[in-house]
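I have placed the structure first, in the form of structure tokens, so that the comments after it can refer back to it.
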Amino acid sequence: MQENGNQEEQIFSEEFLPHADALYTFAYHLAYDEVRAQDLVQETYMKAWRFIRSYQKGTNAKAWLFKILKNAFINEYRKKSKRPHSVDFEDFLAYHDSEDSSYKDLDLNNEIFQDMMGDEVTKALNDLPVNFKTVILLCDIEGFTYEEMSAIIGIPIGTIRSRLHRARNMLKEALEGYAANLGYTKS
Amino acid sequence: MGIRIPGRHNSNCRCTDERVEMAIDGALSRKEQERFLQEVKLCAYCSDKYEREKSFKQFLSSKVSRKALSPSFISSLKEKIGKQPGHHGRFMS
Ligand SMILES: [Zn+2]
């Protein structure tokens, strides 16, 4: 029994805790609030500890933890928006994924984008609807594969890809709008 | 082998927006990625798109802020875990 406990502590320290900052970054961008983000990270680790026996040592701890955090956030989001639990969140959003296969371009060579502060890009990202923001964070910031994202969010890979495509288009549009406000117009 | 015309696909081009995105996201197999990198060179439209998409991904990765938790947050987290049922006291490290 003691040996099991030590092994679980080892998994927690060596496989779970190294992802704390990545989880915090993800939580912060989802909630856009440091205190709520820290609460989400804490809740994630408490749950991870409670269910540590269902985790297989040496498998994908990072994806497992991100899934717990994403679910904790969605539960909180549902409570706040009073969305009925019977409506599946992902089904509800899937409708919006089917549109827009166009390709949006952004001229990053313009120095206005290179000079953009992280805060401005972060703000544009945080203004995206949560499901679009999530795929950008998982793919472009954390480097998860389509398969891992599919497991974390619980949607098919095809939906991940179309959602990512749309999310990038939306973000480019937002950044372009931001640049236009600063006086830059696309030639 | 076709002629490179800026702003348009090479007539033999097999690249799609989807394939370009899969390439930048590392979703192609090694063999597919190698073939893609060879083929994309032959189409000005696609090679331009590939470079721009790659830059955009790097741009996001470099600009979006990363957060770091304080050591005291981690200590207090370990303390809380230590008090959980099924745990036997202090955390080992
Ligand atoms: Zn092409």
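The chains referred to below are lettered A, B, ... by the order of the sequence lines, with proteins before strands, and numbering in each begins at 1.
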Query raised in the report: Got a second to check how far A:L125's CG is from B:K63's NZ, nearest 0.5 Å?
Result: 14.5 Å
Query - Flag side-chain contact, heavy atom, 4.5 Å: B:I81 against A:F16 - result: no
Report summary line: Applying a strict 4.5 Å limit to non-hydrogen atoms, the region of A:Y28 in contact with chain B is side chain
Query raised in the report: At a heavy-atom separation under 4.5 Å, does B:F73 approach chain A through its side chain, its backbone, both, or neither?
Result: side chain
Query - Residue selection (most heavy-atom pairs with chain A, distance under 4.5 Å) from B:L60, B:I74, B:V20 - result: B:L60
Query raised in the report: Do A:D140 and B:F56 come close enough that some side-chain heavy atom pair is under 4.5 Å?
Result: no
Requested in this report: Could you have a look at A:I141, A:L164, A:L23 and say which one has the most heavy-atom pairs with chain B under 4.5 angstrom?
Outcome: A:I141
Query raised in the report: Do B:V64 and A:I136 have side-chain heavy atoms sitting under 4.5 Å apart?
Result: no
**Report entry** Donor-acceptor contact below 3.5 Å, side chain A:D21 vs main chain B:L69
**Finding:** yes
**Report entry** Proximal component of B:E18, with respect to chain A [non-hydrogen, under 4.5 Å]
**Finding:** side chain
Query raised in the report: Hey, what do you get for CD (A:Q38) to CG (B:L77), rounding to the nearest 0.5 Å?
Result: 11.0 Å
Query raised in the report: Can a salt bridge be assigned to the pair A:K172 and B:E53 using a cut-off of 4.0 Å between side-chain N and carboxylate O?
Result: yes
Report summary line: Cut-off 4.5 Å, heavy atoms of chain B, and the answer for A:E34 is side chain
Report task. Tell me whether A:V130 is reachable from A:L69 by hopping between hydrophobic residues (I, L, V, M, F, W, Y) whose side-chain heavy atoms are closer than 4.5 Å. Result -> yes
**Report entry** N/O donor-acceptor pair under 3.5 Å between A:R168 side chain and B:K57 backbone
**Finding:** no
Query raised in the report: Do you reckon A:L175 sits in the same ILVMFWY cluster as A:Y32, going by side-chain contacts under 4.5 Å, direct or chained?
Result: no
Query - Nearest-0.5 Å distance that lies between atom NZ in B:K80 and atom CD in A:Q42 - result: 4.0 Å
Query - Side chains of B:M22 and A:Y146 in contact at under 4.5 Å (non-hydrogen atoms) - result: yes
Report task. Can you measure from CH2 (A:W49) to NZ (B:K78) and round to the nearest 0.5 angstrom? Result -> 12.0 Å
